[in-house]
Enquirer: 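I am attaching a structure below and will ask some questions about it afterwards.
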Amino acid sequence: MSDAMAMTAATDAVVAQRPPILPLAVRDLVLRFGEITVLDGVSLDLGASGCTMIMGPNGSGKSLLLKLLHGLKQPTEGQILWGGHAAMEVTARQALVFQKPVLLRRSVAANIDFVLKARGKDRARRDALLDHVGLAHKAGQPARLLSGGEAQRLALARALATDPEVMFLDEPTASLDPASVLAIERIVSDARDRGVRIIFVTHDMGQARRMADDVVFLHRGRVAEHSPATEFFPEPRCAAARDYLNGRIVV
């Protein structure tokens, strides 16, 4: 068995032993900063598998919604339940990859070792993870010398090292070259195929069409539409989504 196959088998075994934290139920979620309401009555249901793309114009609350779902922020009002559990109770079983990866000022390998040690996992998995994201040949190199695409692949390897049941991605391919975008999409798609639930913020229409199973469209801090991707892209139901897909400014 190859190292990559062994990594997959080990991950699948760990996930199979855990009680599920899906489906996700969000009810009447509100987030305010002072008198400014940035999320206003968001309700949402997500099933146990697939890739959900969260889309919408700038300022619609996409990144803040991810942070609320991950338990990094607390809502002003409303409820988030992961398999009946509060968001803070399941944070350790989720991973979040930001647009700009924050890496340790250590070697590429040490970035993975740190996570594996912190989670009490076998550090022998590190080589398989780096091979999986195409960075095995740079294991001893300082992480700060990686290109933007390589740094994001390392961030993904570090997220996968936690054996997440849910992985959040906040525009992870913004400003990257096409080859890097496709490499990251392959890694994320592989994780989805192995059962990791993907919740992905993007402005990239092509990426969303390639990867989405369903689309949540936010507008003015609300869920304006939640549809299967096969319905959303050819025939969105709401006017704001139609304008967005047609390149018109949505306010």
Enquirer: Could you tell me if Arg237 and Ser227 have a donor-acceptor pair between their side chains, going purely by distance under 3.5 Å?
Expert: yes

Enquirer: Taking atom CZ as the centre, does Phe233 end up with more than 12 heavy-atom neighbours from other residues, nucleotides or ligands that are less than 6.0 angstrom away?
Expert: yes

Enquirer: Going by ring pair (Phe, Tyr, Trp, His ring centres under 6.0 Å), name the residues that satisfy it together with His226, two or more places apart in sequence or in a different chain.
Expert: none

Enquirer: Evaluate Gln207 against Thr173 for side chain to side chain contact (heavy atoms under 4.5 Å, CB included), listing each step before the verdict.
Expert: CA-CA 9 Å; Gln207 181 174 75; Thr173 60; 2.9 Å; yes

Enquirer: Do Leu39 and Arg32 touch side chain to side chain, with heavy atoms closer than 4.5 Å?
Expert: no

Enquirer: Pairing donors with acceptors under 3.5 angstrom, does anything connect the side chains of Ser180 and Gln152?
Expert: no

Enquirer: With the threshold set at 4.0 Å, does a side-chain nitrogen-carboxylate oxygen contact exist between Asp113 and Lys117?
Expert: no

Enquirer: With a 4.5 Å heavy-atom cut-off, do Ile187 and Arg153 have their side chains touching?
Expert: yes

Enquirer: Which is it for Arg93 and Val166 under the side chain to side chain contact (heavy atoms under 4.5 Å, CB included) test, yes or no, and what are the steps along the way?
Expert: CA-CA 7 Å; Arg93 294 168 59 182; Val166 177; over 6 Å; no

Enquirer: Can you name the side-chain hydrogen bond (donor to acceptor under 3.5 Å, both in side chains) partners of Thr230, sequence neighbours left out?
Expert: none

Enquirer: Quick one: pull up CG in Leu156 and CZ in Arg186 and give me the separation to the nearest 0.5 Å.
Expert: 12.5 Å

Enquirer: Supply the atom-to-atom distance Leu96 CG to Leu69 CG, rounded to the nearest 0.5 angstrom.
Expert: 10.5 Å

Enquirer: Would you call Val201 and Leu169 a side-chain contact if the rule is heavy atoms closer than 4.5 Å?
Expert: no

Enquirer: So how far is it from Arg248 CZ to Asp243 CG, rounded to the nearest 0.5 Å?
Expert: 4.0 Å

Enquirer: Strictly by salt bridge (charged side-chain N to carboxylate O under 4.0 Å, His left out), give each pair with a member in residues 141-150 just once, sequence neighbours left out.
Expert: Lys138-Glu150

Enquirer: Any heavy-atom pair between the side chains of Ile198 and Thr52 that's under 4.5 Å?
Expert: no

Enquirer: With rounding to the nearest 0.5 Å, note down the distance linking CG in Leu44 to CG in Asp28.
Expert: 12.0 Å

Enquirer: Measure the shortest side-chain to side-chain distance between Ser189 and Met211 over non-hydrogen atoms and say whether it is less than 4.5 angstrom.
Expert: yes

Enquirer: List for me each residue that meets side chain to side chain contact (heavy atoms under 4.5 Å, CB included) alongside Lys100, sequence neighbours excluded, and say none if there are none.
Expert: none

Enquirer: Can you tell me how far apart OG (Ser147) and CG (Asp177) are? Round to the nearest 0.5 Å.
Expert: 7.5 Å

Enquirer: May I have all residue pairs that pass salt bridge (charged side-chain N to carboxylate O under 4.0 Å, His left out) and include part of residues 196-213, sequence neighbours excluded?
Expert: Glu185-Arg210, Arg192-Asp213

Enquirer: Quick check on the hydrophobic clustering: are Leu81 and Val42 connected, directly or via other members, by side-chain heavy-atom contacts under 4.5 Å?
Expert: no

Enquirer: Filter on salt bridge (charged side-chain N to carboxylate O under 4.0 Å, His left out), then keep only pairs touching residues 46-58, sequence neighbours left out; what's left?
Expert: none

Enquirer: If every non-hydrogen atom of Met167 is compared with every non-hydrogen atom of Ala159, which pair is closest and at what distance?
Expert: SD-CB, 3.9 Å

Enquirer: Quick one: side chain to side chain contact (heavy atoms under 4.5 Å, CB included) partners of Pro75, sequence neighbours excluded?
Expert: Leu29, Leu68

Enquirer: Grab the two heavy atoms, one from Ser63 and one from Asp170, that are nearest each other, plus how far apart they are.
Expert: OG-OD2, 2.8 Å

Enquirer: Let's go through Glu235 and Arg242 carefully: what are the C-alpha distance in whole Å and the side-chain angles of both, what is the deciding distance for salt bridge (Lys or Arg N to Asp or Glu O under 4.0 Å) to 0.1 Å, and is it a yes or a no?
Expert: CA-CA 8 Å; Glu235 197 170 352; Arg242 289 194 293 272; over 6 Å; no

Enquirer: Decide if atom CE of Met88 counts as having more than 12 heavy atoms of other residues, nucleotides or ligands within a radius under 6.0 Å.
Expert: no

Enquirer: Please enumerate all residues that pass side-chain hydrogen bond (donor to acceptor under 3.5 Å, both in side chains) together with Asp193, with sequence neighbours excluded.
Expert: none

Enquirer: Looking at residues at least two apart in the chain, or sitting in another chain, which of them share a side chain to side chain contact (heavy atoms under 4.5 Å, CB included) with His203?
Expert: Asn58, Lys62, Glu171, Tyr244

Enquirer: Taking all atoms of both residues into account, what is the closest heavy-atom pair of Val181 and Leu176, and its distance?
Expert: CG2-O, 3.8 Å

Enquirer: Within this structure, what is the CG-OG distance for the pair Leu65 and Ser60, rounded to the nearest 0.5 Å?
Expert: 9.5 Å

Enquirer: Tell me, do Gln94 and Glu165 make a side-chain contact under 4.5 Å, heavy atoms counted?
Expert: no

Enquirer: Membership question, hydrophobic clusters at under 4.5 Å side-chain separation (ILVMFWY): are Leu64 and Val216 in the same one?
Expert: yes

Enquirer: Quick test of your reading of the model: are Asp163 and Arg125 salt-bridged, counting only N-O distances below 4.0 Å?
Expert: yes

Enquirer: If you take all heavy atoms of Val223 and Ser43, which pair is closest and at what distance?
Expert: CG2-O, 3.9 Å

Enquirer: Would one find more than 12 heavy atoms of other residues, nucleotides or ligands at under 6.0 Å from atom CZ of Arg105?
Expert: no

Enquirer: Donor-acceptor pair, Thr91 side chain versus His70 backbone, under 3.5 Å?
Expert: yes

Enquirer: Output every pair passing ring pair (Phe, Tyr, Trp, His ring centres under 6.0 Å) with a member in residues 174-199, not counting sequence neighbours, ordered by first then second residue.
Expert: none

Enquirer: Residues two or more places apart in sequence or in another chain: which of them pass side chain to side chain contact (heavy atoms under 4.5 Å, CB included) with Arg222?
Expert: Asp40

Enquirer: Is there a continuous path of hydrophobic side-chain contacts, each under 4.5 Å between heavy atoms, that joins Phe200 to Leu218?
Expert: no

Enquirer: With sequence neighbours left out, write down each residue that passes side-chain hydrogen bond (donor to acceptor under 3.5 Å, both in side chains) with Arg27, or none if nothing qualifies.
Expert: Asp45

Enquirer: Of all the heavy-atom pairs spanning Ala95 and Thr162, show the shortest one and how long it is.
Expert: CB-OG1, 4.1 Å

Enquirer: Please check if Val97 and Phe168 belong to a single hydrophobic cluster, counting links between Ile, Leu, Val, Met, Phe, Trp and Tyr side chain heavy atoms closer than 4.5 Å.
Expert: no

Enquirer: For the hydrophobic clusters of this structure (ILVMFWY residues joined by side-chain heavy atoms under 4.5 Å, transitively), does one cluster hold both Val102 and Leu116?
Expert: no

Enquirer: Less than 4.5 Å apart, any side-chain heavy atom of Leu24 and any of Val26?
Expert: yes

Enquirer: With side chains defined as the heavy atoms from C-beta onward, is the minimum distance between Pro57 and His219 less than 4.5 Å?
Expert: yes

Enquirer: Please report the closest heavy-atom contact between Leu129 and Ala161, naming both atoms and the distance.
Expert: CD1-CB, 3.6 Å

